[in-house]
Amino acid sequence: MLEGPTEESTAAPTTIPHWYDPDSDALAITDGDGTTVVDETGTTYLDFVSQLYCVNAGHGNRTIIDGMTEQLEQIQYVSAAKRSPVRAALGERLVDLAPRSLSHALFSVTGSEANELAVQLARNHTGASKILTRWRSYHGSTYGAGSLTGDPETRNLVETHAATTGAAKFLPPMAHRSPFDAETPAELADAAADHLEFVIRNEGPDSIAAIMMEPVAGSSGAYTAPPGYFERVRELCDEYDILLIADEVITGFGRCGEWFGVETEGIEPDLLTFAKGVTSSYAPLAGVLARPELVADIEQEGFDLGQTFGGHPVSCAAGLAAIEAYDNGLIENARENAPALETGLDELASRTDVVADVRGRGYLRAVEFADPATGEPFYDPRVDDMGDDEHEGESENPVPAVAAALEDRGVIVGTGRPATQLLLAPPLCATATEIETALTELDAAIDEVF
């Protein structure tokens with residue numbers, strides 16, 4: 001029998017359970033329009049996390065709904081072994097939008113599976129087995145993708161139940177509470193890249209198939225890399241004959257102000273994974289964009305590990321329609337109004353001593369909190385509890401209470417990993433006025449809790 005949190009549990013869950021829980025006090029969302037959703041009582045909320053960083057086009061987008069409806073009236077399902085015009089059309093459109101080196105699209109169902117597919121392609125091409133990923137990263141929660149993830153909560157869960165192999169970790173180029181001794185962004189970029197090169201040499205370059213990174217961290221805190229870092233990573237990959245995989249499950253499709261987050265870094269990856277925003281999450285769809293030489297064997301011999309719902313025609317129709325919606329002003333709107341979100345968060349941080357850092361890019365932002373008495377992050381037992389008594393008696397992390405207070409004020413945001421930070425990722429249609437409203441209510445929620 002599945003059970004929810006016990007009465008003794010004080011930590012707020014980071015995700016709502018997928019099973020039915022009649023006693024859950026989570027919002028029951030029944031309707032939506034643009035940036036807003038409505039619960040079963042008729043209460044309207046600003047959805048400033050796009051549900052799960054994924055409803056990029058906003059709720060009730062007519063273009064996407066009509067595209068899906070038209071496809072349903074034609075053919076509802078086509079086997080992956082058969083040709084599908086809508087699948088081919090979406091693949092061509094994605095290749096047109098992607099960095100120039102990526103010429104082929106392969107479809108999957110979820111972001112976790114897309115990342116595993118990219119790893120499979122990388123290992124098949126290189127003959128090496130190891131994948132390097134960053135601590136404080138998130139690449140999925142299946143056993144394979146979970147082993148790639150550097151988020152402690154997910155890794156602890158995965159490694160408790162299954163032995164995972166083939167993934168090694170390196171430190172992220174974080175500026176706030178940085179693991180590196182650097183005084184400037186340039187020094188940080190050099191130090192973090194030098195560290196990565198040390199890891200490559202220590203692990204053995206010939207054993208490494210790929211390095212997988214999010215262009216901007218997603219649920220682990222929207223941290224960006226300092227200028228020059230990704231250029232060095234690309235150089236290291238070329239020098240040591242290692243593939244570079246861009247995990248764009250969250251950062252893709254306008255979230256960072258461009259079609260793909262890696263475009264904001266000025267480099268081209270060898271593989272790019274996508275999900276979430278490709279259909280604005282109106283239907284499940286994910287996949288990989290790859291350089292031609294990485295799929296040469298598949299083109300000649302086929303691919304035996306297909307998925308029933310990979311490239312589902314209704315999902316592909318949703319993807320084509322979502323791209324049309326993004327291209328019809330949504331990405332431009334996010335690009336135009338992102339500075340208002342950034343400036344507003346900076347001003348909020350300057351007004352309160354419990355906000356330790358604000359960061360992000362485009363419509364993907366994080367607000368990190370810290371205890372003003374010590375400057376240290378609040379204790380999150382899901383991540384920090386190592387089975388000792390070091391944190392015994394410490395106060396409960398108040399950040400989920402800020403999210404709850406903000407929800408009571410009509411704005412939904414996310415809690416990051418760890419839950420000592422809040423994540424703001426509104427739909428791309430969010431206006432400057434809606435941003436101002438959300439930040440005003442966030443300021444009030446912080447005052448209420450602290």
Side-chain angles (χ1 to χ4, degrees), residues 91 94-95 98-135 137-150 158 164-170 196-197 199-215 230 232-252 260-262 265 267-275 286-307 310:
L94 289 169
V95 168
R100 288 174 298 175
S101 61
L102 306 180
S103 60
H104 287 66
L106 294 84
F107 292 107
S108 183
V109 182
T110 70
S112 295
E113 292 163 320
N115 284 333
E116 292 185 15
L117 176 57
V119 166
Q120 186 176 0
L121 292 173
R123 287 173 170 166
N124 180 69
H125 180 73
T126 64
S129 61
K130 288 181 185 175
I131 308 295
L132 301 187
T133 59
R134 299 187 297 206
W135 293 110
S137 65
Y138 185 83
H139 299 293
S141 57
T142 56
Y143 281 155
S147 69
L148 301 171
T149 291
V158 169
T164 54
T165 59
K169 299 291 178 289
F170 59 97
L196 173 57
E197 185 169 21
V199 173
I200 291 172
R201 290 179 174 178
N202 186 67
E203 294 289 337
D206 291 343
S207 72
I208 301 170
I211 295 172
M212 177 181 286
M213 287 194 287
E214 301 160 287
F230 270 96
R232 279 285 310 278
V233 172
R234 180 69 267 182
E235 291 171 0
L236 290 171
C237 287
D238 293 340
E239 178 180 353
Y240 291 104
D241 199 20
I242 296 169
L243 300 177
L244 179 59
I245 304 173
D247 178 346
E248 298 264 10
V249 170
I250 287 180
T251 54
F260 296 102
V262 75
E265 297 294 348
I267 65 161
E268 294 196 3
D270 302 298
L271 294 148
L272 182 153
T273 63
F274 62 87
V288 179
L289 299 171
R291 285 170 34 194
E293 61 268 30
L294 304 185
V295 298
D297 291 343
I298 295 175
E299 286 188 303
Q300 294 177 3
E301 303 172 9
F303 193 57
D304 292 332
L305 299 178
Q307 294 178 318

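- In this structure A286 satisfies the side chain to side chain contact (heavy atoms under 4.5 Å, CB included) test together with S108, A114, A275, sequence neighbours excluded.
- Contact annotation: the side chain of R134 never approaches that of K169 to less than 4.5 Å [non-hydrogen atoms, C-beta and beyond].
- In this structure, E214 and S137 have side chains that are in contact, with non-hydrogen atoms separated by less than 4.5 Å.
- Within the 4.5 Å cutoff, no side-chain heavy atoms of L244 are placed close to those of M212.
- Across all their heavy atoms, L289 and A98 have their closest contact at CD1-CB, 3.6 Å.
- Of all heavy-atom pairs between D270 and I242, the closest is OD2-O, 4.1 Å.
- Counting only heavy atoms from C-beta outward, the side chains of V288 and F107 never approach each other to under 4.5 Å.
- You'll find the side chain of F260 stays beyond 4.5 Å of the side chain of T251, heavy atoms only.
- Taken from CZ in R232 to CG in L236, the straight-line distance is 5.5 Å, to the nearest 0.5 Å.
- Proximity of a side-chain donor or acceptor of R234 to a complementary backbone N or O of E268 within less than 3.5 Å is detected.
- Note that CG of L196 and SG of C237 are 7.5 Å apart. Values are rounded to the nearest 0.5 Å.
- Here the shortest heavy-atom pairing between S101 and P292 reads O-CD, 3.7 Å.
- Residue D241 qualifies as open at atom CG: its count of foreign heavy atoms under 6.0 Å is 12 or below.
- A side chain to side chain donor-acceptor pair (under 3.5 Å) with H139 is found for one member of T149, D247, T133 and no other, namely D247.
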With side-chain contact (heavy atoms from CB on, under 4.5 Å) as the test, would you mind laying out the steps for E235 and D238 before giving the verdict?
CA-CA 5 Å; E235 291 171 0; D238 293 340; 5.7 Å; no

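- When all heavy atoms of E248 and V262 are compared, the closest pair comes out as OE2-N, 2.8 Å.
- For the residue pair E197/Y240, the side-chain donor-acceptor check at 3.5 Å is satisfied.
- Between R123 and V119, some side-chain heavy-atom pair lies under the 4.5 Å cut-off.
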Determine, step by step, whether F170 and I211 satisfy the side-chain contact (heavy atoms from CB on, under 4.5 Å) criterion, reporting the C-alpha distance in whole Å, the side-chain angles of both residues, the deciding distance to 0.1 Å, and the verdict.
CA-CA 10 Å; F170 59 97; I211 295 172; 4.0 Å; yes

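- Although no hydrogens or angles enter the test, the distance criterion places a donor-acceptor pair under 3.5 Å between the side chain of K130 and the main chain of E203.
- Using a 4.5 Å cut-off on side-chain heavy atoms (C-beta onward), L102 and L271 make no contact.
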Give the intermediate values and the outcome of side-chain contact (heavy atoms from CB on, under 4.5 Å) for residues L272 and I245.
CA-CA 6 Å; L272 182 153; I245 304 173; over 6 Å; no

Evaluation steps, side-chain contact (heavy atoms from CB on, under 4.5 Å), between L243 and L294
CA-CA 10 Å; L243 300 177; L294 304 185; 4.0 Å; yes

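- Side-chain atoms of E116 come within 3.5 Å of backbone N or O of A145 as a donor-acceptor pair.
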